Amino acid sequence: MNVPPKGFLPELRTIADAHGALLLVDEVQTGMGRTGRWLGGDHEGVKADAIVLAKGLGGGFPIGAMLVREHLAGALTPGTHGATFGGNPLASRAARTVLEVLRDERLVEGAAEKGEHLSRGLARLVERHPKLLTGHRGVGLLQGAVLAPGIEGRVALGKLREHGVLLTVAGADVLRFSPPLVVTTAELDDGLARLDAALAEMSGAS
Ligand SMILES: *Cc1c(COP(=O)(O)O)cnc(C)c1O
């Protein structure tokens with residue numbers, strides 16, 4: 001949920017080029033539309049030399065992949081990168097289907113729109129509960145709400161669970177939101193309302 005400041009990724013590209021180094025980007029979490037673009041790097045038009053994908057690539061079915069630019073494609077010749085389950089046909093078919101569904105159902109564009117909705121909702125909660133939340137950050141459907149000093153993530157998660165919302169924390173103090181790309185705005189609103197109720201209870205204001 002730490003979005004690099006504007007210009008950071010392009011600058012990395014420039015530095016890598018100046019030194020003849022490769023730019024390798026881990027898009028396991030940020031790829032496959034999660035941030036509202038197909039790849040996180042797309043927000044700034046940065047082309048990496050190699051990208052790794054997994055998680056959302058299989059839509060729940062286990063698969064990982066490494067994408068490289070044309071001039072590197074010959075670097076790993078057949079037999080040089082073995083894996084017991086590599087090239088699994090079922091996993092590959094699942095990933096192809098995920099790609100089709102993301103495209104046909106415009107889920108990447110949807111992640112951008114619903115991400116803005118979530119972002120506005122979190123901003124309202126920060127405003128309503130300043131003693132519990134100090135801010136929010138992230139992009140698309142990968143966002144976080146920052147807990148105020150002294151508020152334990154573990155305690156907040158427990159309270160949220162009582163209200164029917166399952167979240168995790170990023171680090172010690174950030175509530176992490178990464179709903180599925182098929183989430184609806186109504187479901188987001190329902191989750192935000194439950195979060196609001198849990199926070200109200202925590203601050204004793206209910
Ligand atoms: C989960 C994760 C990985 C590891 O992916 P595996 O497919 O489990 O090896 C790598 N990078 C990031 C950012 C991840 O979130």
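As the structure lists them, so they are numbered: ligands from 1, and atoms in each ligand from 1. Since the structure is predicted, the reported quantities are computational estimates derived from the model, not experimental observations.
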Exam field: side chain Q143 to backbone H136, donor-acceptor pair closer than 3.5 Å | no

Check each protein residue for a heavy atom under 4.0 Å from ligand 1 and list those that pass, ordered by chain and number.
-> D26, V28, Q29, A54, K55

Contacts of R194 that satisfy salt bridge (Lys or Arg N to Asp or Glu O under 4.0 Å) - sequence neighbours left out = D190

Considering residues at least two apart in sequence or located in another chain, which fulfil the side chain to side chain contact (heavy atoms under 4.5 Å, CB included) criterion with V68?
-> A50, M66, L72, A73

Is there a donor-acceptor contact under 3.5 Å from the side chain of K114 to the main chain of L181?
-> yes

Do you see a donor-acceptor pair shorter than 3.5 Å between the side chains of E27 and T30?
-> yes

Quick one: side-chain hydrogen bond (donor to acceptor under 3.5 Å, both in side chains) pairs with a partner in residues 42-56, sequence neighbours left out?
-> R13-D49, T35-H43

